Asks: 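Below: one structure in structure tokens.
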Amino acid sequence: MALLSLLYVARRDNYREPGMGIVELERLLACGSAVLEFHLWYLKENGWVERLESGLLAITAPGVDKLFELGGPPRRGPHLLEPGTPSSADEEGAA
């Protein structure tokens, strides 16, 4: 969940360049490459993570769905849009 959460935040914060490198992930997760590589293999095999053309890793749309299914990411700050009240321009357009 931590790995998917980090990749989710990277994609949410910069959807045009959403990737993170392995060294950065190792540092943030405080784990060695052997442990990280196994988890990345598993996530890639399930289609939840992909390697970009740049060589960085990024979460996929199914990965975002899986993360939310697991109850993550931790809520700190603004996230996905929530339904709100229509603006007056929206109401005029609907009339």
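The shown structure was predicted, so the numbers you read here are calculated from the model rather than taken from an experiment.
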Asks: Quick one: list whatever passes ring pair (Phe, Tyr, Trp, His ring centres under 6.0 Å) with F38, sequence neighbours left out.
Replies: W41

Asks: Could you tell me the separation between the CG atom of L25 and the CG atom of L56, rounded to the nearest 0.5 Å?
Replies: 9.0 Å

Asks: D13: which residues meet the side-chain contact (heavy atoms from CB on, under 4.5 Å) condition with it, sequence neighbours left out?
Replies: V9

Asks: With sequence neighbours excluded, what pairs up with E53 under the side-chain hydrogen bond (donor to acceptor under 3.5 Å, both in side chains) test?
Replies: none

Asks: Would a single hydrophobic cluster contain both L52 and Y8, if residues Ile, Leu, Val, Met, Phe, Trp and Tyr are joined by side-chain heavy-atom contacts under 4.5 Å?
Replies: no

Asks: Table please: side-chain donor-acceptor pairs of residues 58-68 below 3.5 Å, with sequence neighbours left out.
Replies:
from : atom 1 : to  : atom 2 : distance (Å)
T60  : OG1    : G47 : O      : 2.6
T60  : OG1    : W48 : O      : 3.2
T60  : OG1    : G63 : N      : 3.1
K66  : NZ     : E69 : OE2    : 3.0

Asks: Which value, rounded to the nearest 0.5 Å, describes the distance between H39 atom NE2 and L29 atom CG?
Replies: 9.5 Å

Asks: Can you name the closest pair of heavy atoms from M1 and G71 and give their distance?
Replies: CE-C, 3.9 Å

Asks: Roughly how far, to the nearest 0.5 Å, is CZ of R11 from CG of L4?
Replies: 12.0 Å

Asks: Is a side-chain N or O of N46 found less than 3.5 angstrom from the main chain of Y42, in a donor-acceptor match?
Replies: yes

Asks: Which pairs pass salt bridge (Lys or Arg N to Asp or Glu O under 4.0 Å) with one or both residues in residues 23-48, sequence neighbours excluded?
Replies: none

Asks: With rounding to the nearest 0.5 angstrom, report the CD1 to CG distance, I22 to L57.
Replies: 5.5 Å

Asks: Got a second to check how far M20's CE is from L3's CG, nearest 0.5 Å?
Replies: 9.0 Å

